[in-house]
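We name chains A, B, ... by the order of the sequence lines, and we start the count at 1 in each one.
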Amino acid sequence: MPGERYDPQEIEPRWQQLWADERTWEVSNVDDGRPKSYVLEMLPYPSGEPHIGHLKVYSVGDAIAHFRRRNGHRVLHPLGYDAFGLPAENHAIRTGRHPRQSTEESIAEFQRQFRRWGISIDWSREFGTHEPSYYRWTQWLFLRLFEAGLAYRDQAAVNWCPKDQTVLANEQVIDGRCERCGTAVEKRDLEQWFFKITDYADRLLDDLDTIDWPQHVVTMQRNWIGRSEGARVTFHCDALDTDYEVFTTRPDTLFGATFFVMAPEHPDVLRLSDSSEVTEYVRRSQTESAEDRGAEDKEKTGVALGATVANPVNGEQIPMFVADYVLMEYGTGAVMAVPAHDTRDFAFAEKHGLEIRRVVEGGHELPYTGDGPLVNSQRFDGKDNREALAEIIAWLGEDGRGEPAVNYRLRDWLLSRQRYWGCPIPVVHCPTDGIVAVPDDQLPVELPDVEDYAPKGRSPLAAAEDWVNTTCPKCGGPARRETDTMDTFVDSSWYFLRYTDALNDQAPWGRDVVDEWMAVDQYIGGVEHAILHLMYARFFVKALADLDLLSAQEPFDALFTQGMVTRDGAKMSKSKGNVVSPRDLVESHGADTARCYILYVGHPAEGGDWSDDGIEGIHRFLQRLYRAAEGMQAGSVEPEGEPSDLVRKAHWAIDKVTRDLGERFATHTSIAAVIELVNDLYRQRDQVDASHVRFAVATAASLIFPFAPHLGSELYERLTGDRVWETPWPVADPALLQSETFELIVQVNGKLIDRVAAPTDVERDEQERLARASTKLAARVDGGEIVKTIVVPGRLVNFVVQ
RNA sequence: GCGGAUGUGGUGGAACUGGUAGACACGCGGCGUUCAGGUCGCCGUGAGCUAAUCACUCGUGGAGGUUCGAAUCCUCUCAUCCGCACCA
């Protein structure tokens, strides 16, 4: 059948123009009685042009946004750009162009393509985090946290990337390597800026129970926070007349502590011993990369310090060591070693010939890390170790030798970066007043344009003398600006708050407005942000709520993590040459086809494998739908007379899409349902009333709209004269969801043997009678006996035959 | 090592609370339209056994189990993927 051609290149820009001209997707902050719904995709990092992952996340988010609008919600669906950051800067250095220039070009390309995809964005709220009108408020928020003591400067052993020439947060170190460039990270002792996220560890943990997030993301956050309960125990060292505290989760094994170990970074190591052996060991472990030091089966090296500490439970003097298997950044940087019941201490004791003393019974050999009754533990002998644990803590507590304690893996968020392309930290260093906040009315502290922004181990801003030299806001004397910039994750920790009131130039947001929209009802993005961004944003919201700047306790009520689109089972990457560019796709097949296909290959939460042939199938389907409306004029789409199977199928499709999309984001089965409807329409259109065909086409257009908004709008308007996005989401008539008969399944011993037609409202006894009447049943029973009959009403009858 | 997820036709994937395994699509095959190919329309397509779209048997990574009935629940096991990893 030749006929009209489906031409997305003509249809799609026409609707995009209309939506832009009429500002269709802009939403007011004024409550109009409809329930609000804040739908948000994680903001893109503008680098180059959008890739297939962007197309996917916006295809999912846009389907949800459209669905909620047509279900009566007032939907906020904004977009912005995470414009500051290392990749943009590195790219700029490579190409010799200013990061502002290349970032803004990239943003322009993203804007062009997002519009060409027909995403329903409220463009009036758009911003880039690199714009002074945005980062002015990033600085303002930093100062509020600074005033509250939640942003502080401290000297610490921090992660340093020698390639990017900057410090990194713990979260940005993956397997001992820089998250961005893959270079092995070094430890450096530097003075840096931190956010006190550890103050919020318990709340970040507890409130995970209040949000609807994928289980695996919740688990990852739990593990990252890494709360462990135990005790802090004091060991006295006579040599320096000092008390050393250690954290332990196993105070029940204290009687088995036979030595004591300090991290090489521990400040007292060199005070305890200045032997060349110790000095050399400390020097060596500090130059070793984090990766090598953390290697799995690394030998347990270490050196004796020649001093002892007293075990508080029995007064025994136990030898002290320095060893790199103890980490300065966890606990107190010193541990009591119980070789009989800890695999690491055991390995160290074996290598260095130290005493191994069993204090918990159980297991065939040592080390034994399980539970059991205590031995060699004086008055606690014979007690179950778990019970004794609390008793020992209480006993130590009587004279201050120990107390219950909780320790976390989570460490404070290191936010300063020695890089150019980021938000300046708004403080000055004054010789008399120290660190002084820049007053609010002098914000933003603008990022100056510098010629040379290459990394040099200190911020490139330090070279901008005119900018650096300033006056102290407090005393008016000469002072120098802070030259470090902020981690980009600071920018993205509050952007969703700014969307609510993006044009406000008096405050980051109006309190009423932010409370009206927050929290984000549905957040959509990649699982790669499970820890970094999602933890930081949660911290920000909690901290800002404590400062009474907003009411929400959590930023994202519900989270949807989309899976990665692969090709031939492998991740798309430039080096493999298997990248599919959204731009090419939209040019060759149109945005509707590209969006539908990506939502059709599988459940969007899972990965989907790209296939060049597969997309043709979806394109064919959209063409078929388009051609089904050929020659139709605007008019009624109400089916007349008795409902046909086609009308029933349309109601079935309405019900299916409503539940699949609305309840479980199952875009793939939603689209499949519309395909089924269109297939039935082609098969049955010559046998049913013309009004039924019109109803089926209009229904298909209405249902495909969240996935293919241009074609949905085009066909719906052609048939009804109405705008589909202003039309409420269709409701299935329950009476039409059932046909008059159903296929009754007849089973023998659970195996299907026959299907017979039965009335939908059949009585239980009648259903069994109909099944019993099956001719195939007699042959099956043959000689045997029906000992039991199971009737599942409206479904099947199972005969148990012996 | 610890934690989590996933295994279904030639392929991507369906199957809601245990109740017709394989929806829908790709691919493949057939018929029609066409000089032909493509497009388009219709039909078929898990495997085995068959002349057969009669019937029967097998079948959801593997082995057991619970149940009238298991892709779905339980136990063990294998494989793949993802997090964390000397965290005391």
Side-chain angles (χ1 to χ4, degrees), chain A residues 1-3 5 174-176 214-224 226-228 230 246-250 253 261 263 293-298 300 323-327 329-338 341-345 347-348 407-411 527-528 530-531 564 566 569 597 600-603 606-618 620-621 623-624 627 656 659-660 663-664 666 668-676 679 682-683 743-755 776 779 787-790 792 794-801:
Chain A
M1 188 170 64
R5 201 171 101 314
I174 312 292
D175 294 334
Q215 194 50 52
H216 66 282
V217 176
V218 170
T219 304
M220 276 195 234
Q221 292 225 341
R222 270 213 179 95
N223 292 343
W224 189 264
R227 182 189 153 102
S228 28
V246 300
F247 173 76
T248 176
T249 54
R250 295 294 304 276
T253 62
V261 191
R293 178 165 164 186
E296 206 172 336
D297 37 12
K298 199 190 167 217
K300 293 283 174 287
D324 66 3
Y325 79 92
V326 174
L327 308 173
E329 54 272 30
Y330 186 79
T332 60
V335 302
M336 67 178 211
V338 184
H341 305 291
D342 180 282
T343 49
R344 297 152 302 175
D345 297 340
F348 190 84
N407 210 4
Y408 300 91
R409 210 189 83 103
L410 181 72
R411 277 160 241 150
V527 73
E528 65 273 20
I531 293 169
M564 198 171 38
T566 56
Y597 179 63
Y600 179 72
V601 279
H603 192 286
E606 256 119 66
D609 202 57
W610 182 269
S611 140
D612 290 332
D613 289 326
I615 194 170
E616 297 300 335
I618 278 291
R620 267 201 290 273
F621 153 66
Q623 280 184 65
R624 269 160 76 82
R627 281 198 317 271
K656 174 90 175 145
R659 285 186 295 112
D660 282 2
E663 290 165 20
R664 55 193 196 102
H668 60 327
T669 51
S670 296
I671 293 168
V674 185
I675 295 176
E676 280 196 58
N679 287 348
Y682 269 71
R683 282 192 286 259
E743 215 172 43
L744 173 62
I745 301 306
V746 185
Q747 293 182 333
V748 168
N749 296 336
K751 283 196 172 163
L752 172 88
I753 59 149
D754 201 8
R755 304 156 208 254
K776 287 180 183 163
V787 295
K788 198 175 175 188
T789 308
I790 288 119
V792 182
R795 208 145 207 172
L796 59 79
V797 178
N798 184 21
F799 297 100
V800 184
V801 175

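Residue A:T669 places no side-chain N or O under 4.0 Å from the OP1 or OP2 atom of B:A23. Side-chain N/O atoms of A:N679 include one lying less than 4.0 angstrom from OP1 or OP2 on B:A25. Under 4.0 angstrom from either OP1 or OP2 of B:A70 there lies no side-chain N or O belonging to A:K751. In this structure, A:R409 does not reach the B:A88 phosphate: none of its side-chain N or O atoms is under 4.0 Å from OP1 or OP2. One finds no side-chain N or O of A:R5 lying less than 4.0 angstrom from the OP1 or OP2 phosphate oxygen of B:U39. Put simply, A:R624 has a side-chain N or O that comes within less than 4.0 Å of OP1 or OP2 on B:C42. Contact check, A:R683 against B:C43: a side-chain N or O comes under 4.0 Å of OP1 or OP2.
If you check every strand for non-hydrogen atoms under 4.0 Å, A:Q215 touches nothing. If you check every strand for non-hydrogen atoms under 4.0 Å, A:E743 touches a base. Residue A:V800 is in sugar-phosphate contact alone, with no base atom involved, counting any heavy-atom pair closer than 4.0 Å across all strands shown. Backbone-only engagement by A:G617 is indicated by non-hydrogen atom pairs under 4.0 Å involving sugar-phosphate atoms exclusively. The residue A:R222 sits apart from the nucleic acid: no heavy atom pair falls under 4.0 Å. Nucleic acid contact for A:S228: sugar-phosphate only, since backbone atoms but no base atoms lie under 4.0 Å from a heavy atom of the residue. As judged by a 4.0 angstrom heavy-atom cut-off over every strand, A:R227 is placed among residues making no nucleic acid contact.
Using a 4.5 Å heavy-atom cutoff, the side chains of A:I618 and A:I675 are in contact.
The interatomic distance linking A:N798 (CG) with B:C68 (P) rounds to 10 Å, in whole Å. What separates CD of A:E616 from P of B:G27 is a distance of 8 Å, to the nearest Å. Rounded to whole Å, atom P of B:C24 lies 15 Å from atom CG of A:D660. The distance from atom NZ of A:K788 to atom P of B:G69 is 9 Å, rounded to the nearest whole Å. If you take OH of A:Y682 and P of B:C40, they are 10 Å apart, rounded to a whole angstrom. We find that OH of A:Y408 is positioned 19 Å from C1' of B:C84, with the value rounded to whole Å.
Applying the salt bridge (charged side-chain N to carboxylate O under 4.0 Å, His left out) criterion to A:E743, with sequence neighbours excluded, gives A:R755. Applying the salt bridge (charged side-chain N to carboxylate O under 4.0 Å, His left out) criterion to A:D342, with sequence neighbours excluded, gives A:R344. Contacts of A:R250 classified as salt bridge (charged side-chain N to carboxylate O under 4.0 Å, His left out), with partners at least two apart in sequence or in another chain: A:D252. Qualifying salt bridge (charged side-chain N to carboxylate O under 4.0 Å, His left out) partners for A:D612, counting only residues two or more places apart in sequence or in other chains: A:R567.
Spacing of C1' atoms, B:U72 relative to B:U60, comes out at 10 Å, to the nearest Å.
Across A:V246 and A:T332, no two heavy atoms sit closer than the pair CA-OG1, 3.6 Å.
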Dump the pairs, protein N or O against N or O of nucleotides 53-55 of chain B, anything under 3.5 Å, distances to one decimal.
| residue | atom | partner | partner atom | Å |
| --- | --- | --- | --- | --- |
| B:A55 | OP1 | A:K776 | NZ | 3.3 |

Return the polar atom pairs (N/O with N/O) between nucleotides 8-13 of chain B and the protein under 3.5 Å, or none.
| residue | atom | partner | partner atom | Å |
| --- | --- | --- | --- | --- |
| B:G12 | O2' | A:V601 | O | 3.0 |

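Using the six-membered ring where Trp is involved, A:F247 and A:Y330 have ring planes that are perpendicular, over 60° apart on the 30 and 60° scheme.
Distance CD1/A:I671 to CZ/A:F621: 7.5 Å, rounded to 0.5 Å. With rounding to the nearest 0.5 Å, the separation of CZ in A:R624 from CG in A:N679 is 5.0 Å.
If you find the closest nucleotide of RNA chain B to A:E676 and to A:D342, the one lying nearer the 5' end belongs to A:E676.
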